[in-house]
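Numbers here are sequence positions counted from 1.
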Amino acid sequence: MDKRNDIRNIAIIAHVDHGKTTLVDEMLKQSGTFRINEQVQERVMDSNDLERERGITILSKNTAVHYKGTKINIVDTPGHADFGGEVERILMMVDGVLLLVDAFEGCMPQTRFVLKKALALKKKVIVVVNKIDRPGARPAEVIDEVLDLFIELGADEDQLDFPIVYASAKDGYSSLDSSVREGDMRPLLDSIIENIDPPEGDMNGPLQIRFSSLDYDDYIGRIGIGRVERGKVKHGQQVVLCHMDGSKNNVRIAKLYQFEGLKRVETDEAKLGDIICVSGIADINIGATACDPDCIEPLPFVKIDEPTISMNFMVNDSPFAGQEGKFVTSRNIRDRLFKEVETNVSMRVEETESTDTFKVSGRGELHLSILIETMRRQGYEFQVSRPKVILKKENGKVLEPMELLIVEVPENYVGAVMEKIGSRKGELENMGARDGGTTHLEFKIPARGLIGYRSEFLTDTNGNGIMNQVFAGYEEYKGDIQTRDRGSIISHETGESTAYGLFNAQDRGRLFIGPGVPVYEGMIVGECAKSEDVTCNVCKKKQMTNTRAAGSDDALRLVPHSVLSLEQSMEFIKDDELLEVTPVSLRLRKKILSKELRMKQQFKKK
């Protein structure tokens, strides 16, 4: 067995917003990756527009730093449970992980999820307690929580003896002592070199490369990102590509790259333990193995957890179809969805009986909403149905996905939160007080009970609550859940909304549009205060007569309308409603646009 002491491969895993990407920033800066006069933006690894807007990491990304003659390959991973598939496959590429935990928040749902995966793969863990400069930081208690979590997840004795580093990624220092408030990142980098095992294997054996990620470049096409598990590889080398389905084909590695800082640098050769990028293989997929033609031995790949929520993506058939989008046909939508599945390993796309409808399944609402937002920015126009959980049948019983929901709320909102979650079949599992008057609640709740709850939660807590959830397995079906108890305000005719029409409609409930907005019959323009749907003529104009009363025209005061985000729109719609998505607009509508046909349908159900 050969060892490569000049290299370390690590992934940074943590709950969302615990400081992974900021920590990578500091490691890059302090290792001399950037020029002294180079302007570097914050969270430099979040290169995608959506990531920068939302302040979250969506795709895992690779980088590398050099320290004391050792190259440290770093993989920055997402913190949201919805993108867990990114974390699961990336762990195959590394020998150890940095588990980041917020010094105030402690262990959160995603901390449990990512740690469970790392321990199952026998990865070495370094615990980094980040944000120790934060007011209310409690590093000693957080370490106890982490230790309890290790024990609960069945860690062995070696894994329980984990090294601990205290850090403030924002201020750029780390230390082995929790009371230190200055310095640099050297203690963390030293810990990585001392505690993470160097890659081991047969340096001179037949080649094996396992691909765990994909990238795309407009000039060189698809790029496979993987790790050399055995032997050496040279650019221009002929290899056999073994796919997950068992098929094999002969391919040539056109170009070979390694990561240096934020760049891909071309190289002639890579060997055991190197994380590399390969171009020139058109049909490369995640989980594939490149082998020496004389010794074809494909490597096993990690089993990715199954999706829990599905939606139907449909061709837009509204009266405004094709006016704002560039790609509108079923062939356009089909090609784009199947292209997504090639890189998004935890997503599934199925064709349905209708050629215009595709069933897309993912890890959660955020997972699907990121796909929808990405597609609309690329010029696609389509419709989506309400998200539905994926049920399973085992031994004659119907099982449904459950979520572990962790809520932090001020004490005076606890009653409202517990009442709402109770009505959605949530069960309280743990409760405790935090410093500063907040209460920590843990619930086990069906995944479908959380659809549409986030906006209600923010209203109930006046925006002061924090909620996080993570998939917690399947349990027996809990019965029906009453979610949205209010109807919709529906447009009566096609036209343009007027202040006069909206003024008469606003007494019925909350409006989603203002004056001067094009609407069509069957389009949802607001939420009704009552449980039934109402139809209003929001295009109604005031009759013009010769009689005038001073000030009567000025008396039309409209209440400011609510603008729903993409996630809020997805949560709002019922089973008989759709969300129309175009590059310019988000419109809510009824599946059956005609009022007469809707009434006939209701009559038939009775």
Trace of the side-chain contact (heavy atoms from CB on, under 4.5 Å) decision for Thr374 with Glu340:
CA-CA 11 Å; Thr374 306; Glu340 181 70 22; 5.8 Å; no

Given side-chain contact (heavy atoms from CB on, under 4.5 Å), test Met93 with Asn73 step by step and report yes or no.
CA-CA 10 Å; Met93 218 191 281; Asn73 284 311; over 6 Å; no

Output, in order, the C-alpha distance, side-chain angles, deciding distance and verdict of side-chain contact (heavy atoms from CB on, under 4.5 Å) for Phe150 and Leu115.
CA-CA 8 Å; Phe150 269 78; Leu115 181 60; 3.7 Å; yes

Please determine whether side-chain contact (heavy atoms from CB on, under 4.5 Å) holds for the pair Phe259 and Arg264, giving the CA-CA distance in whole Å, both sets of side-chain angles, and the decisive distance to 0.1 Å.
CA-CA 5 Å; Phe259 290 99; Arg264 285 194 296 259; 4.0 Å; yes

For Lys122 and Asp156, run salt bridge (charged side-chain N to carboxylate O under 4.0 Å, His left out): C-alpha distance rounded to whole Å, both residues' side-chain angles, the deciding distance at 0.1 Å, then the answer.
CA-CA 9 Å; Lys122 302 294 180 192; Asp156 57 37; 3.7 Å; yes

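Under the 6.0 Å distance and 45° angle rule, Arg8 does not count as a cation-pi partner of Tyr67.
Enclosure of atom CZ in Arg186 is not indicated, since only 12 or fewer non-hydrogen atoms of other residues, nucleotides or ligands lie within 6.0 angstrom.
With Arg230 contributing its side chain and Leu207 its backbone, the two residues share no donor-acceptor pair below 3.5 Å. Listed for the Thr308 side chain is a donor-acceptor partner under 3.5 Å among the backbone atoms of Arg363. Remark: side-chain polar atoms of Thr289 are paired, donor with acceptor, to backbone N or O of Leu299 under 3.5 angstrom. A donor-acceptor contact shorter than 3.5 Å is absent between the side chain of Lys124 and the backbone of Asp197. Side chain of Ser174 to main chain of Leu188: a donor-acceptor pair is present (N/O by atom type, distance under 3.5 Å, no hydrogens or angles). Side-chain atoms of Asn462 do not come within 3.5 Å of backbone N or O of Asn464 as any donor-acceptor pair. Judged by distance alone, with hydrogens and angles left aside, the side-chain atoms of Arg210 form no donor-acceptor pair with the main-chain N or O of Pro298 at under 3.5 Å.
Between Leu99 and Phe162, every side-chain heavy-atom pair lies at or beyond the 4.5 Å cut-off. Between Ile421 and Phe457, every side-chain heavy-atom pair lies at or beyond the 4.5 Å cut-off. Side-chain atoms of Thr70 and Pro198, non-hydrogen and from C-beta on, never get closer than 4.5 Å to each other. Pro446 is not listed as a side-chain neighbour of Val389, based on a closest heavy-atom distance of 4.5 Å or more. Counting heavy atoms from C-beta outward, Leu564 and Glu571 have side chains that stay 4.5 Å or more apart. Between Val407 and Met467, the closest side-chain pair of non-hydrogen atoms falls below 4.5 Å. Residues Lys271 and Val228 fail the side-chain proximity criterion, which asks for heavy atoms closer than 4.5 Å.
In this structure, the separation between CD1 on Ile192 and CD1 on Ile74 is 6.0 Å, given to the nearest 0.5 Å. The CD atom of Glu266 sits 8.5 Å away from the CG atom of Leu256 when rounded to the nearest 0.5 Å. Remark: Ile372 CD1 to Glu567 CD distance equals 8.5 Å, nearest 0.5 Å. Annotation: the span from Gln378 atom CD to Glu373 atom CD amounts to 10.5 Å, rounded to 0.5 Å. Rounded to the nearest 0.5 Å, atoms OG (Ser179) and CZ (Arg181) are 7.0 Å apart. For the atom pair CG (Asp202) and CG (Leu272), the distance works out to 8.0 Å, reported to the nearest 0.5 Å.
Between His367 and Gly362, the shortest heavy-atom distance links the atoms ND1-CA, 3.5 Å. Here the closest heavy-atom approach between residue Ile13 and residue Ala118 is recorded as CD1-CB, 4.2 Å. Heavy-atom minimum distance, Asp133 versus Tyr173: CB-OH, 3.6 Å. Residue Ile126 comes nearest to Ser191 through the heavy atom pair CD1-O, 3.6 Å, listed as atom of the first residue, atom of the second, then distance. Considering every non-hydrogen atom in both Pro135 and Phe104, the closest pair reads O-CD1, 4.1 Å. Closest approach of Ser168 and Met185 over heavy atoms only: O-CE, 4.2 Å.
Taking the charged nitrogens against the carboxylate oxygens, Asp95 and Arg227 do have a contact shorter than 4.0 Å, which makes a salt bridge. Between Asp274 and Lys71 there is no salt bridge, since no side-chain N of the basic residue sits under 4.0 Å from a carboxylate O of the acidic one. A salt bridge links Asp190 with Lys68; the closest basic N to acidic carboxylate O contact falls under 4.0 Å. Salt-bridge formation is detected for the pair Arg134/Asp102: a Lys NZ or Arg NE/NH1/NH2 atom is positioned less than 4.0 Å from an Asp or Glu carboxylate oxygen.
A donor and an acceptor atom, one from each side chain of Ser175 and Asp177, are nowhere located under 3.5 Å apart.
In summary, of the residues considered (Ile132, Val101, Ile164, Asn130), a side chain to side chain contact (heavy atoms under 4.5 Å, CB included) with Val142 occurs for Val101 alone.
In terms of the side-chain hydrogen bond (donor to acceptor under 3.5 Å, both in side chains) criterion, residue partners of Lys478 (sequence neighbours excluded) are, by chain and number, Glu475. In this structure Lys116 satisfies the side-chain hydrogen bond (donor to acceptor under 3.5 Å, both in side chains) test with no other residue, sequence neighbours excluded.
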